[in-house]
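So the structure is just underneath, and the comments pick up after that.
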There are 2 protein chains.
Amino acid sequence: MGKTASQMTKRMMQASSIKEVAALAGVSIATVSRVVNGVANKASDETVERVRKAIATLDYRPTSAGRDLRRRTSRLVAVLAANLANPAMTAIAASAEAALRENGLVMVLCDTHDQPELQDEYIREMLAQQARAIVLLGAVDSFMLRRAQESSIPLVFVNRRAPDGPMRGFIGIDNQRAGEDVARWALARGLQNAVLIHAPTASSATRERVQGILAGFAAAGTPLGTSRVLAPQAPDHLRIGRDAALDLIRGCDRPDLVICTSDLIAFGVARAWREALPGQQAPRLIGFDDSPMNEWLAPNLNSVRIPYEAYGRAIVEALLGGDRCATIVLAHQIIERQT
Amino acid sequence: MGKTASQMTKRMMQASSIKEVAALAGVSIATVSRVVNGVANKASDETVERVRKAIATLDYRPTSAGRDLRRRTSRLVAVLAANLANPAMTAIAASAEAALRENGLVMVLCDTHDQPELQDEYIREMLAQQARAIVLLGAVDSFMLRRAQESSIPLVFVNRRAPDGPMRGFIGIDNQRAGEDVARWALARGLQNAVLIHAPTASSATRERVQGILAGFAAAGTPLGTSRVLAPQAPDHLRIGRDAALDLIRGCDRPDLVICTSDLIAFGVARAWREALPGQQAPRLIGFDDSPMNEWLAPNLNSVRIPYEAYGRAIVEALLGGDRCATIVLAHQIIERQT
DNA sequence: AAAACGAAGGAAAACGTTTTCCCTGTTGTG
DNA sequence: CACAACAGGGAAAACGTTTTCCTTCGTTTT
C-alpha cells in the first residue's frame with residue numbers, strides 16, 4: 001500500500017524538525033543547531049557538509065517558536081505607524097520592510113491611528129511577542145511608550161521625536177531647516193503674500209516645520225502675521241486643508257502661496273478650491289513629504305521630498321547599531337513642480 | 001541599599017512569567033494558564049479572582065514563544081501583497097490589519113513585488129514562523145505556493161485567484177461583471193470610440209476585467225477591435241498607462257474614452273496626456289480600484305470602487321470560517337466623477 | 001614522556017507555555 | 001451506606017530550539 005508522492009508530501013509538510021535532520025545526518029541535534037547558526041570550530045568540514053545536505057533534503061528551517069523561546073527574543077520588528085492612509089507613511093513602511101527582511105528580520109505593521117490607547121495595546125502585544133525592536137513611525141505620547149523607553153527594548157523614533165524631548169534614536173529630516181528652506185524658496189520667488197496651514201503641533205515634525213517656516217519669514221524681515229497662520233481642528237489632514245481653504249476662500253485677501261505642513265493638507269486645499277471655485281486655478285501650493293505618487297498625480301504640487309528609500313536602511317542601522325541614542329538626519333529636497 | 005522605584009521597574013520590565021503570577025496568587029502555573037485561557041470548571045470563582053488580581057499586578061501577558069511552541073501555531077497572519085506602492089493594496093492591508101487585530105491576530109505585511117522568488121522566500125519564512133494563515137493579496141504562481149496549497153495552512157486569495165484555477169478561498173469583487181458594467185456604463189453615455197488599456201493577464205483580476213469589458217461591448221454589437229486594445233510591456237502600471245497613452249497620442253484617431261484595468265494605469269495616461277499635450281484635456285477616463293485618495297486627488301477619474309473596508313472582515317471570516325474553499329464576493333460600484 | 005591544549009561532538013538543561021493525567025474531597029444517587 | 005460523578009487543582013510531560021558542560025581524541029609544548 002504505497003502512498004502517492006503527493007500524499008507523502010501532504011504528510012511531510014507539517015514539520016521536519018531538527019531531530020529529523022540530526023537523524024538523517026547521523027549527528028546530534030546540537031551539531032545541527034551549530035551548523036545552522038554557523039558556530040565555528042565545532043564541526044569538521046565533512047560533518048557540516050552532511051548536515052547541509054540533510055537540511056536541504058528535508059527543506060528544514062528552524063521553527064521560530066523554539067528559537068525565540070530559548071533566545072528570549074524574536075525576529076519580529078514592530079512598526080507602529082500613526083496613519084496608514086498617508087501614502088508617505090506606507091512608502092516608509094515599504095522601505096523598512098525591504099531593509100528589515102534583508103537583515104533577516106520580519107516587519108509587523110500596525111496602525112495606531114494616532115491614538116495613545118491603540119499604541120499602548122500594540123506595544124503590549126509586541127512586548128509579549130518579544131519583538132526585537134519597536135519602530136515608531138509617528139509616535140504619540142502614551143503610558144506604555146514611556147515604560148518601553150525605560151526598558152531594554154530598542155526603540156526607534158521616525159519622523160516624530162520621542163515624546164519627552166531630547167534626541168533619542170531619531171530618524172528623519174531636519175524639519176526646522178526644511179521649514180526655513182521653504183520660506184527662503186518662497187521669498188526667492190517673490191511670493192510676499194503667503195499663508196501657512198498646519199496640523200496640530202503635538203507632532204514634533206509639524207512643530208519644527210512651523211517653527212522653521214516662521215523663522216524663515218521673520219529672518220527676511222517679512223514675518224507671517226497670526227492672521228496668516230491657520231490650524232483648524234479636523235479629524236485628518238485632508239480635512240484640515242479643506243477647512244482652512246474654505247476659510248481663505250471666504251476671506252477677501254487671496255494668498256499667492258499656501259504652505260502646508262503636509263501634502264495631505266495641500267490635497268485638501270486643492271480640492272476645496274476646485275469645488276468652491278470651479279475653473280479657477282488654486283493658488284500656488286507647497287507641502288511636505290512628497291509621496292512617490294505625487295509625480296504622477298499631483299502635477300501642480302510643490303513639496304519637500306523626504307527620501308523614502310533611505311528610511312529602511314537608516315532604521316536597520318539604528319536598530320543594529322546598538323547605540324540607543326543614534327540620530328540619523330536624512331536629506332530633504334524641495335521639488336518644484338509649479339513655479 | 002534600597003533601589004529606587006524606577007530602577008526596580010527597569011529590572012522588572014524584562015519578564016514576569018507565568019511562574020511569578022502563580023507564586024503571587026498561590027496557585028500552580030496550570031491554574032494560571034487555565035484562567036488566562038478561560039477554561040471552565042477548573043477553578044473556583046475566588047481562585048479566578050486571585051489569579052486575575054495577580055495578573056493585573058504584574059501586568060502579565062503570556063509570552064507568545066512559549067504558547068506557540070506548545071500549540072504549534074501562532075497568532076501571526078502573513079499578508080503577502082504584490083505591490084505596496086499601490087494605494088489600493090495598502091488600503092486593503094490597513095483594513096485587514098484592523099480586522100485581524102480585533103480577532104487577536106497580528107498582521108505581518110510583506111511586499112512580494114509580484115516576484116515568485118520573493119513570494120516563495122516569504123512563504124518559507126512564514127511557515128517557519130508557524131503563521132496561522134497566509135493571505136495572498138495578489139498572488140503570483142510559485143513553487144512554494146503550490147506546496148502550501150497542499151499543506152494544511154489556511155490560504156486566502158484576495159483579488160487574484162489561486163494560480164491553478166478553480167474558486168478556492170477567494171475574496172474580491174466579481175471582476176468579469178465589473179468589466180461588463182463598465183462597458184454598459186460607457187455605452188449608456190454614448191461613448192462609441194473607447195480604447196482599453198490593460199496590464200498583463202497573468203493576474204486573474206486583470207484577465208476577468210478584460211473579458212468582461214470585451215464581452216460587454218460585443219454584446220451591444222459594438223465589439224472592441226484589437227487595434228483598440230493596448231497592453232504594452234512596462235515595469236509597472238503607471239508606466240503601462242503612460243506608454244499606451246503615448247501610443248494613442250501618436251495615432252490620429254483619438255478615443256472619447258480610455259478604459260484602464262487599474263487606476264494606476266489611468267494615472268499614467270493622465271500624466272502622459274498632460275505632458276505631451278499641455279493645456280489640452282485628456283480623454284474621459286475610467287479605471288478600477290478607486291483608492292480612497294482618488295476622491296481628493298483625482299477629480300476627473302471615473303472608477304470601479306472596490307469596498308476596502310469590507311476586505312478585512314471578509315478575510316477574517318474566510319480564515320476563521322474553517323471552510324478552505326469559501327468564496328466571498330464583494331460588491332463593486334461605479335464612481336462617476338466626470339461624465 | 002608527561003602535561004597541556006584544541007578540535008569535534010554528544011547529553012542534557014533550560015526557555016514559558018498548554019494540556020494530560022492524576023489526586024482529593026464533596027455532593028448527589030441507588 | 002456504597003458508589004458514582006464531578007468540581008477543583010497540582011505534577012509533569014511535551015513542544016523545538018540553543019547552549020553549557022562534558023568527554024574523547026589527537027597534537028603540541030614542556
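Every chain is numbered from 1, with letters handed out A, B, ... down the list of sequences.
Under the 3.5 Å distance criterion, with hydrogens and angles disregarded, a donor-acceptor pair is assigned to the side chains of B:Y311 and B:N159. No hydrogens or angles considered: a donor-acceptor pair under 3.5 Å links the side chains of A:S142 and A:Q119. Looking at B:S74 and B:Q130, their side chains never bring a donor and an acceptor atom within 3.5 Å of each other.
Between the base of C:dT17 and the side chain of B:R67 there is no donor-acceptor pair shorter than 3.5 Å. For D:dT17, the base has no donor-acceptor partner in the side chain of A:R70 [N/O atoms by modelled type, under 3.5 angstrom].
Both cation-pi conditions hold for B:R101 and A:Y122: the charged atom is under 6.0 angstrom from the six-membered ring centre and inside a 45 degree cone around its axis.
Looking at which nucleotide of DNA chain D each of B:G26 and B:G66 is closest to, the 5′-most match is held by B:G26.
A:E20 places its CD atom 9 Å from the P atom of D:dG16, with the value rounded to the nearest Å. Remark: P of C:dG16 and CD of A:Q129 are 16 Å apart, rounded to the nearest angstrom. Across the protein-nucleic acid pair, B:K19 atom NZ and D:dA11 atom P stand 13 Å apart, rounded to whole Å. Spacing between atom CG of A:L58 and atom C1' of D:dG16 amounts to 15 Å, rounded to whole angstrom units. As rounded to whole Å, 14 Å separates atom P of D:dC15 from atom CG of A:L69. Regarding A:I18, its CD1 atom lies at a distance of 19 Å from the P atom of D:dA14, rounded to whole Å. Atom CG of A:N41 and atom P of D:dT20 are 16 Å apart (whole Å). Summarising the geometry, the separation between CZ on A:R72 and P on C:dT17 is reported as 10 Å, rounded to the nearest angstrom.
Between A:S28 and C:dG10, a side-chain N or O to OP1/OP2 separation shorter than 4.0 Å is present. Within the structure, every side-chain polar atom (N or O) of A:S64 is placed at least 4.0 Å from both OP1 and OP2 of D:dT17. Between C:dT18 and B:N37, a contact under 4.0 Å exists linking OP1 or OP2 to a side-chain N or O. Between A:R71 and D:dT17 there is no side-chain polar atom (N or O) within less than 4.0 angstrom of OP1 or OP2.
A:I29 contributes atom CD1, which lies 12.5 Å from atom CD of A:E20 (distance to the nearest 0.5 angstrom). Separation of atoms CD (A:E125) and CG (B:L105) is listed at 9.5 Å; rounding is to 0.5 Å.
Across B:A314 and B:L330, no two heavy atoms sit closer than the pair CB-CD2, 4.4 Å.
Across all strands shown, B:D68 has no heavy atoms under 4.0 Å from either base or sugar-phosphate atoms. Using a 4.0 Å heavy-atom criterion, one finds that B:V39 contacts no nucleic acid atom at all. Residue contacts shown for A:A65 are absent, as no nucleic acid heavy atom lies under 4.0 Å away. A:S33 comes within contact range of at least one nucleobase, with a heavy-atom separation under 4.0 Å. Within 4.0 Å of A:T47, counting heavy atoms only, lie sugar-phosphate atoms of the nucleic acid but no base atom. Looking at heavy-atom distances under 4.0 Å, A:V27 makes contact with sugar-phosphate atoms alone, never a base. Among the heavy atoms of the strands lying under 4.0 Å from B:S44 are primed sugar atoms or P, OP1, OP2 only; no base atom is included.
Ranking C:dG10, C:dT19, C:dG9 by closeness to the A:K42 side chain, first place goes to C:dG9. For B:P62, taking side-chain heavy atoms from C-beta onward, the closest of the listed nucleotides D:dG16, C:dC15, C:dT17 is C:dT17. When distances are taken from the side chain of B:S17 to each of C:dG16, C:dT18, D:dT19, the shortest belongs to C:dG16. The side chain of B:I29 has C:dT18 as its nearest neighbour among C:dT18, C:dG16, D:dT18. Each of D:dC21, D:dT17, C:dT20 was ranked by its minimum atom distance to the side chain of B:R34; first place goes to C:dT20.
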